[in-house]
K.L.:
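A single structure is presented below for examination.
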Amino acid sequence: MSIRILPDHLVNQIAAGEVVERPVSAVKELVENSLDAGALHITVSVEQGGKNLVRVIDDGAGIPAGDLVLALQRHATSKIGSLEDLEQVATMGFRGEALPSIASVARLDLASRHASEPHGWAVKVRQGLISEPEPHAIQAGTRVEVADLFYNTPARRKFLRAERTEFTHIDGILRRFALARFDVSWVLEHNGRTVMRHEPADTRSRQEKRLAGVFGEEFLPHAITVEEAQGGLSLRGWVAEPRYNRAQSDRQFFFVNERAVRDRVIAHAVRKAFADVLYHGRHPAFALYLELPPAAVDVNVHPQKQEVRFRDAHMVHDFLFSALHRALASVGAGAGMVRPGMPLTGTVPVERYGAGSSGQSRAQVNLGLPVSEQIAAYQKVLGAAAHQSPSGPAPDAADIPPLGFALAQLHGVYILSQNAAGLVLTDMHAAHERITYERLKSRAAAENIRSQRLLVPLNVQLSGGEADLAEQWRGQLAACGLVYDRSGPESVLLREMPALLAQADGARLLRDVLSDLAQHGDSSRVDAESHEILSSMACHGSVRANRQLSIAEMNALLRDMEQTERSGQCNHGRPTWVQLDLSTLDRLFLRGR
Ligand code: ADP
Ligand code: MG
């Protein structure tokens, strides 16, 4: 074949291969055009999952009669005119290829009325040919209809899925749009039925109502609001408390300058911010809005513009990470956390904790009495509060600490305490583990994890593999307070332990930490590694279940939780406590009915 210039229609069909993958792609392009035209009311109607029809009606600026044919041509756009414009682009579209691409693989009807004109005009595109504009009765704004997608490209039509599947994609993208633009009112119709309707949400409470419509009612009561700005960047939105995590990443919405995007820099910053508080394999839920100057982000890197590139990826990453990290740190047991009406349980994968790797290694551990330095310190700081007994005079509600006063211990596992709202149940191991971990971390950050020299160095028997691993991790473990030397092919001599865990059984602690490292240790990031080690030490060195605590010790633990960041979950993302408020208890007993 000799080289030739391809006809326009074919060029458009080739471009359509990138831009129009399935019905939802047409919905996305048309809605973005409506948004770019300043529309505040957008109605999307589809039939048969969009395979037969996609119609978008808006009340935007409209297209002047003289531009109607131009709008359907390749590389024709009203949004940019120069490279400088491209670098500053603030509109959703700018490539001028959506309408011609869609028109090349479907039957497209376009009708529009510009505000300055007495009536509207309509054109049709069939097989790449644009009809003469004709007068048309239409309100100010634009209507685009895309019928029989891929009717002329049967190979592609075959790839379309069932009506339901295609519609699910469309429903999903409309949810994204609805969250991206609270100021716009949205209607989605499928086969003549209205399936989604959102009024404009101009107040915080209306926004939250819309949010609940997308996320479900249970999201908001457990959402933390984020609002941070720094050096031209701003982040706002909502993040669910880590204990309301999900098995899928299906409740994650991230917008950059109102555009929904997937981005590795963002994903990494989010994952890192949650690393400490989320159980491995679970996913956080959030709707987050990042705003930055258009020139700081390149949106022209993906044909469907689902990805972006930040000019300063490091800065964006660090900003996101620290903003989220701070927001999550506030999820403690301190004031304001005790919320009446909180459900009894979160969506926590309890089944994952019973068995499995860490379950096994925990079961072997039975650290005698790890009354670590905290407990000694507790005794000193216990004020009058600690001596409050349940039978004593009822304390003033204002004096009751958030997690209340301890009443008793249940099965050596849970602490029962009474606070202003009712009953609090605390998992003492999970709570202690979090407290220990946060302390180790803050000391590590200050580079003074104090270690304590053992009076008699302890010879720890290991397997050959463990001993090799110990040797390999020697530097990092020493930085975390575990200091030893190799003493034989299958042993090491333990010389120092972290002072915070001085009461723990050193040999066991070392073996447990090594076994965690063998399973999860990846040597990619020093920071993550040291946190992993600290987390593992905190877990294995904390108060175990089945240890009797005195009322004073329990109160001390509760007061410590109130002071500790992120104390709402243990290091694995399990909740550390739940509130059973009086109204819940009343309901259990059908009281007041
Ligand atoms: P792009 O959005 O990249 O400019 P499109 O092919 O999607 O390219 O649209 C071409 C042009 O048609 C737009 O630049 C705009 O001027 C006009 N247009 C398309 N849809 C609308 C609409 N709903 N309202 C007003 N103008 C529109
Ligand atoms: Mg467009």
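Counting starts at 1 for both ligands and their atoms, in listed order. None of these values were measured; they are calculated from a predicted model.
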K.L.:
N/O to N/O below 3.5 Å, does that happen between Ser78 and ligand 1?
P.N.:
yes

K.L.:
Tell me if the NE2 atom of His119 is crowded by more than 12 foreign heavy atoms within 6.0 Å.
P.N.:
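Yes, the 6.0 Å shell around NE2 holds more than 12 heavy atoms from other groups.
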
K.L.:
Give the numbers and elements of all ligand 1 atoms closer than 4.0 Å to a heavy atom of Ala98.
P.N.:
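Those of ligand 1 that fall under 4.0 Å from Ala98 are 6 (O), 7 (O).
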
K.L.:
In terms of side-chain heavy atoms, does Asp58 have a donor or acceptor partner in Ser34 at a distance below 3.5 Å?
P.N.:
yes

K.L.:
Between His41 and Ser185, do the side chains contain an N or O donor and an N or O acceptor separated by less than 3.5 Å?
P.N.:
yes

K.L.:
Parallel, tilted or perpendicular, judged at 30° and 60°: which one describes the rings of His317 and Phe321?
P.N.:
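If you compare the ring of His317 with that of Phe321, the planes turn out parallel.
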
K.L.:
Identify which of Asn33, Leu72, Val56, Val19 has a heavy atom lying nearest to atom 20 (N) of ligand 1.
P.N.:
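The residue whose heavy atom sits nearest atom 20 (N) of ligand 1 is Asn33.
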
K.L.:
Pull out every atom of ligand 1 sitting under 4.0 Å from any heavy atom of Gly93, numbered as shown with elements.
P.N.:
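Under 4.0 Å from Gly93, ligand 1 has these atoms: 2 (O), 3 (O).
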
K.L.:
Under 4.0 Å from a heavy atom of Ala76: which atoms of ligand 1 are those, numbered in the order shown and with their elements?
P.N.:
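Atoms satisfying the 4.0 Å criterion: 10 (C).
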
K.L.:
Which atoms of ligand 1 have any heavy atom of Thr142 under 4.0 Å away?
P.N.:
22 (C), 23 (N), 24 (N), 25 (C)

K.L.:
Considering both backbone and side-chain atoms of Gly96, is one of its nitrogen or oxygen atoms within less than 3.5 Å of a nitrogen or oxygen in ligand 1?
P.N.:
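Yes - when backbone and side-chain N and O of Gly96 are compared with those of ligand 1, one distance drops under 3.5 Å.
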
K.L.:
Taking the six-membered ring of Phe182 (Phe, Tyr or Trp), confirm whether the NZ or CZ of Arg206 is under 6.0 Å from its centre and within 45° of its axis.
P.N.:
no

K.L.:
In sequence, state the C-alpha distance, the side-chain angles, and the governing distance for His268 and Lys272, and then conclude on side chain to side chain contact (heavy atoms under 4.5 Å, CB included).
P.N.:
CA-CA 6 Å; His268 187 270; Lys272 196 172 154 207; 4.1 Å; yes

K.L.:
Below 4.0 angstrom from a heavy atom of Thr77, which ligand 1 atoms are there? Numbered from 1 as shown, please.
P.N.:
1 (P), 4 (O), 14 (O)

K.L.:
Could you check which of Ser34, Ala71, Ala37 puts a non-hydrogen atom nearest to atom 12 (O) of ligand 1?
P.N.:
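Minimum heavy-atom distance to atom 12 (O) of ligand 1 goes to Ala71.
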
K.L.:
Regarding Glu163 and Lys51, does a basic nitrogen lie under 4.0 Å from an acidic carboxylate oxygen?
P.N.:
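Salt bridge absent between Glu163 and Lys51.
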
K.L.:
For residues Asp581 and Thr584, is any side-chain donor paired with an opposing acceptor at under 3.5 Å?
P.N.:
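A pair is found: one side chain offers a donor N or O, the other an acceptor, under 3.5 Å apart.
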
K.L.:
Is the closest N or O pair between Phe94 and ligand 1 shorter than 3.5 Å?
P.N.:
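Yes: some nitrogen or oxygen of Phe94 is under 3.5 Å from one in ligand 1.
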
K.L.:
Out of Ile80, Val89, Leu99, who gets a non-hydrogen atom closest to atom 6 (O) of ligand 1?
P.N.:
Leu99

K.L.:
Name the orientation class of the two ring planes belonging to Phe255 and Tyr289 (parallel below 30°, tilted from 30 to 60°, perpendicular beyond 60°).
P.N.:
parallel

K.L.:
Is the distance between the Mg ion (ligand 2) and the nearest N/O/S atom of Met92 smaller than 2.8 Å?
P.N.:
no

K.L.:
Is it the case that over 12 heavy atoms from other parts of the model lie below 6.0 angstrom from the CD atom of Glu307?
P.N.:
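Count over threshold, so yes.
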
K.L.:
Using a 4.0 Å heavy-atom threshold (strictly under), name the region of Pro100 that reaches ligand 1: side chain, backbone, both or neither.
P.N.:
side chain

K.L.:
Contact between Ala61 and ligand 1, counting heavy atoms under 4.0 Å?
P.N.:
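Heavy atoms of Ala61 never come under 4.0 Å of ligand 1.
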
K.L.:
Could you tell me whether ligand 1 has any atom less than 4.0 Å away from a heavy atom of Glu29?
P.N.:
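Outside the 4.0 Å threshold, so no.
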
K.L.:
Counting only heavy atoms not in Arg126 (residues, nucleotides, ligands), do more than 12 fall under 6.0 Å from its CZ?
P.N.:
yes

K.L.:
Take atom NZ of Lys79 as the centre, draw a 6.0 Å sphere, and report whether it contains more than 12 heavy atoms from other residues, nucleotides or ligands.
P.N.:
yes

K.L.:
What protein heavy atom is closest to atom 2 (O) of ligand 1, reported as residue, atom name and distance in Å?
P.N.:
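Atom 2 (O) of ligand 1 sits closest to the protein heavy atom Lys79 NZ, 2.6 Å.
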
K.L.:
Looking only at protein heavy atoms, identify the closest one to atom 18 (N) of ligand 1 and say how far it is in Å.
P.N.:
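Looking only at protein heavy atoms, the one closest to atom 18 (N) of ligand 1 is Ile63 CD1, 3.7 Å.
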
K.L.:
What residue and heavy atom of the protein are closest to atom 23 (N) of ligand 1, and at what distance?
P.N.:
Asp58 OD2, 2.9 Å

K.L.:
Numbering the atoms of ligand 1 from 1, which are under 4.0 Å from a heavy atom of Arg95?
P.N.:
3 (O)

